[in-house]
Amino acid sequence: MWKVVREVHLMQLPREVLLGENLVEETVNVAKRLGLGRKALVLYGPRTKGIAGKAVKDVLSGEYSVEGVTVKGATMEEVERVLSIVRDHDSDWLIAVGGGSIIDVAKLASFKAGVPFISFPTTASHDGIASANASIRDLGLKTSLKAVPPVAVIADVKVIRTAPYRYLAAGVGDVISNLTAVKDWQLAHRIKGEYYSEYAASLSLMSAKMIMRNADIIRLGNEESVRKVVKALISGGVAMSIAGSSRPASGAEHLFSHALDSLLEKPALHGEQVGVGTIITAYLHGLKWERVRETLKRVGAPTNAYELGIEPEVLIKALTTAHTIRPERYTILGKDGLTREAAEKAAKITGVI
Ligand code: ZN
């Protein structure tokens, strides 16, 4: 007799995604629709507290028992500190009002506590606003940890628009990286037999292509620009949820960015580094890297070491060590990585150094 054993593939997705204006008031309705418990914990940063954090806390206080906490950075200590507040306060759910690090801390703390969290991004600079992965610094090293995606994403375009334009341009870099991330994923599928989802890959690629087509709208930095970038970032997050891994939106260009993070005291924005990494890895894949660079240029995102504020020597070091960051993630860099000569050549040809 045949026995067919199929591995269960779990897809966890946000239940609500709101994209619009003046959504602070809406947080109550979202929580009600999702049937979230009585006790809420609002996380914000020192700056995002004033931008929307305190307003969200005040609005929720009308209906819920609310505590607020100022998070100082995406570190394991902060995750543990939030976790102890969750336990002391017996919080039923969390809402993160902020950029990358606040959302990452909420994501991991809520996962560890086994309670849901809502993502209320104040920037559109990376796809972590809707994904299940949290980027946390632990013992000096930044690592990407698997958690769960937010139960809801509330993206207020007016709030996001108040962030410096640089963040939106960085968001473009994080979306455009889907192009090479998917190529790396296909490579790993063919060479290592890794699971591959055509559906997730298509969704991820579509976001990158839409961003490339809309570069001229995005550069205006208006509310429509924010909408375009946020939609693409959320689709990337959803693609990762469908895949059950960050594969559709994270390949060698992300390893390069992680390598830079570990080499630098003050790295550039995640999306900025990843965008430059995409130019180089697109070249390595034999893709039309000029189009990647053109899009980044058009939206005003960095396209070389100088604009990133990074020494060429450090950039080359990151290229030659990127493959060691996460050895199980097979990419175009292969098992042995780039030689110094190859890294220099790729960086020079693409105008990155
Ligand atoms: Zn990213």
Side-chain angles (χ1 to χ4, degrees), residues 74 96 98-105 107-108 119 121 123-137 141-147 149-150 153 155 160 163 166-185 200-201 203-208 210-212 218 229-262 264 267-282 292 295-296 299 301-302 308 318 322 325-326 329 331-333:
S101 47
I102 313 299
I103 290 172
D104 281 338
V105 169
K107 201 182 282 178
L108 196 58
S119 167
T123 62
S125 57
H126 64 96
D127 54 29
I129 58 175
S131 77
N133 292 72
S135 178
I136 301 287
R137 200 173 274 274
L141 277 178
K142 222 183 209 178
T143 41
S144 181
L145 299 158
K146 226 179 148 182
V153 182
I160 294 170
R166 180 187 173 194
Y167 289 89
L168 197 66
V172 170
D174 208 19
V175 175
I176 216 163
S177 76
N178 296 3
L179 288 176
T180 46
V182 167
K183 279 283 163 193
D184 281 327
W185 194 14
L203 181 60
S204 178
L205 282 179
M206 189 180 71
S207 306
M210 275 193 3
I211 283 293
M212 292 172 95
I218 293 163
V229 177
V230 168
K231 277 187 203 167
L233 290 171
I234 291 175
S235 302
V238 169
M240 289 189 265
S241 287
I242 292 169
S245 84
S246 61
R247 269 293 191 186
S250 172
E253 74 298 319
H254 270 69
L255 298 178
F256 162 73
S257 174
H258 297 323
L260 282 175
D261 288 342
S262 67
L264 295 161
L269 293 177
H270 169 80
E272 292 176 334
Q273 295 183 165
V274 157
V276 171
T278 305
I279 300 174
I280 296 174
T281 54
V292 173
T295 303
L296 293 172
V299 301
L308 282 175
I325 297 283
R326 215 178 150 181
R329 175 139 299 191
T331 69
I332 190 74
L333 303 173

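Since the structure is predicted, the reported quantities are computational estimates derived from the model, not experimental observations. Every number for a ligand or one of its atoms is a count from 1 in the order of the listing.
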Show your working on side chain to side chain contact (heavy atoms under 4.5 Å, CB included) between Lys183 and Ile332 and close with a plain yes or no.
CA-CA 8 Å; Lys183 279 283 163 193; Ile332 190 74; over 6 Å; no
For the Zn ion (ligand 1), decide whether His126 has an N, O or S atom at a distance under 2.8 Å.
no
Is any N, O or S atom of Asp127 under 2.8 Å away from the Zn ion (ligand 1)?
no
By atom name, which N, O or S atom of [X] is the nearest to the Zn ion (ligand 1)?
X: His270; value: NE2
X: His254; value: NE2
X: Asp174; value: OD1

Please report, to 0.1 Å, the donor-acceptor pairs under 3.5 Å made by any side chain of residues 241-248, with sequence neighbours excluded.
| from | atom 1 | to | atom 2 | distance (Å) |
| --- | --- | --- | --- | --- |
| Ser241 | OG | Gln12 | O | 2.9 |
| Ser241 | OG | Gly237 | O | 3.4 |
| Ser245 | OG | Arg247 | N | 3.0 |
| Ser246 | OG | Arg329 | NH1 | 2.9 |
| Arg247 | NE | Glu194 | OE1 | 2.8 |
| Arg247 | NH1 | Tyr330 | O | 3.1 |
| Arg247 | NH2 | Glu194 | OE1 | 3.4 |
| Arg247 | NH2 | Glu194 | OE2 | 3.0 |
| Arg247 | NH2 | Tyr330 | O | 2.9 |

The single option from Asp104, Leu108, Asn133 passing side-chain contact (heavy atoms from CB on, under 4.5 Å) against Leu145:
Leu108
Test Val229 against every option in Thr123, Val172, Ile160 by the side-chain contact (heavy atoms from CB on, under 4.5 Å) rule and name the one that passes.
Val172
Please walk me through it: do Asn178 and Ser204 pass side chain to side chain donor-acceptor pair (under 3.5 Å)?
CA-CA 6 Å; Asn178 296 3; Ser204 178; 3.1 Å; yes
